[in-house]
Protein chains: 2
Amino acid sequence: MDKEMMKGNIDLILLSLIAERDLYGYEMTKKLKRLSDEAYSMSEGTLYPALKRMERKGWVTSYWSAPEGERRKKYYTMTKEGETELERKQKDWASIQSLLYKARRSYDT
Amino acid sequence: MDKEMMKGNIDLILLSLIAERDLYGYEMTKKLKRLSDEAYSMSEGTLYPALKRMERKGWVTSYWSAPEGERRKKYYTMTKEGETELERKQKDWASIQSLLYKARRSYDT
DNA sequence: ATATGAACCCTTGTAATACGATGTATGATA
DNA sequence: TATCATACATCGTATTACAAGGGTTCATAT
């Protein structure tokens, strides 16, 4: 997978995951790898700053889990603002897709 | 349109346009604006460096047009390498789309 | 004549980003 | 006890998109 193409799409991907259910960071990397059939590995140097950024923007919030005998995990959950932003990004994605479609058929225009 | 989301997609968009037929830079901005129903304006500060970059990578080549009585225009045309790269980027785009699709249905996984 | 604006090309500076490298700690397993 | 997977985090580097600015040419309006 072209890493340059992930630029700008990282947030959309993470928001899509978190919208389904609360996840912790490390779990996201594993899940993305599995969902992409091992094609894409999000580096932790990408993931954790991205989560911080999204929290700062108010799209997600986090909480620590502390069950007995388990390792601590920091879970992320969506906010209303995050849902709004996700919808916005989904629309943008669709717009770019439409633009690409038209570009491939624009010889005479 | 979210400008952060354009990152990494600029090259794909431009390659898609140039693959259809040779274009000059200024023409590309007008065409993109029209194809997007005025929603997206690619700034010239984005366009020209992008074209230079792609030429440096061997994806496109350029030539000046010099018809009588017309302004000079710098046209860009695809190379074999550019076609290969376009196909690669189209596959990457499809992969991300598939990943997004799966992410939205991954509650139990 | 000349002012204006559109068409056309380009560069520079800034902020944001993705990621490799690196660090730390804990729990399980060999 | 050594090692590996799990889990969180930061820093430095290269790359990027874009606003702002600069320049030329041509047509049209004043």
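Chain letters run A, B, ... following the sequence lines, proteins first and then strands; every chain starts at 1.
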Inset, instruction - Report yes if a side-chain nitrogen or oxygen of B:R72 is closer than 4.0 Å to either non-bridging phosphate oxygen (OP1 or OP2) of D:dC26; otherwise report no. - result: no

Legend entry - Whole-Å gap separating P (C:dA7) and CH2 (B:W64): 17 Å

Inset, instruction - With DNA chain C as reference, determine whether A:A50 or A:E44 sits nearer its 5' end, using the nearest nucleotide of each. - result: A:A50

Inset, instruction - Output the single nucleotide from C:dC8, D:dT10, C:dA18 whose closest atom is nearest the side chain of B:Y24. - result: C:dC8

Legend entry - salt_bridge(B:E85, B:R88) N-O dist < 4.0 Å: yes

Legend entry - From C:dT17, C:dC9, D:dC8, nucleotide with atom closest to A:R53 side chain: C:dT17

Inset, instruction - Compare all side-chain heavy atoms of B:I18 with those of B:M28 and state whether any distance is below 4.5 angstrom. - result: yes

Inset, instruction - Evaluate side chain to side chain donor-acceptor pair (under 3.5 Å) for B:S62 paired with B:E55, printing each intermediate quantity in order. - result: CA-CA 8 Å; B:S62 60; B:E55 193 166 17; 2.7 Å; yes

Legend entry - Toward the 5' end of DNA chain C, by each residue's nearest nucleotide, B:T46 or B:K30: B:K30

Inset, instruction - Please tell me which of the listed nucleotides, C:dC8, C:dA18, C:dC10, lies nearest to the side chain of A:I10? - result: C:dA18

Inset, instruction - Measure the CD-CZ distance between B:E20 and A:R105 for me, rounded to the nearest 0.5 Å. - result: 8.0 Å

Inset, instruction - Specify the separation, in whole Å, of atom CG of B:L47 and atom P of D:dT16. - result: 15 Å

Inset, instruction - For C:dG23, take OP1 and OP2 only and decide whether either is under 4.0 Å from a side-chain N or O of A:Y48. - result: no

Legend entry - Rounded distance (Å) that lies between atom C1' of C:dA25 and atom NZ of A:K73: 15 Å

Inset, instruction - State whether B:K52 places a side-chain N or O below 4.0 Å from either non-bridging phosphate oxygen (OP1 or OP2) of C:dC9. - result: no

Inset, instruction - Name the nucleic acid region contacted by B:G45, choosing base, sugar-phosphate or nothing; use a 4.0 angstrom heavy-atom cut-off, strictly under. - result: base

Legend entry - Whole-Å distance separating the CE atom of A:M6 from the P atom of C:dA18: 9 Å

Legend entry - Gap between atoms CE and P, on A:M54 and C:dA16 respectively (whole Å): 17 Å

Legend entry - Whole-Å gap separating C1' (C:dA7) and CD (B:E27): 12 Å

Inset, instruction - Return the value, rounded to whole Å, for the distance between atom OH of B:Y26 and atom C1' of D:dT25. - result: 13 Å

Legend entry - Distance below 4.0 Å between B:S43 side-chain N/O and D:dC18 OP1 or OP2: no

Inset, instruction - To the nearest Å, give me how far apart OH (B:Y75) and P (C:dA7) are. - result: 14 Å

Inset, instruction - For the side chain of B:R71, starting at C-beta, report the closest nucleotide among C:dC10, C:dC19, C:dA6. - result: C:dA6

Legend entry - Minimum-distance nucleotide (side-chain atoms of B:Y76 versus C:dA18, C:dC10, C:dC8): C:dC10

Inset, instruction - To the nearest 0.5 Å, tell me how far A:S41 OG sits from A:L47 CG. - result: 12.0 Å

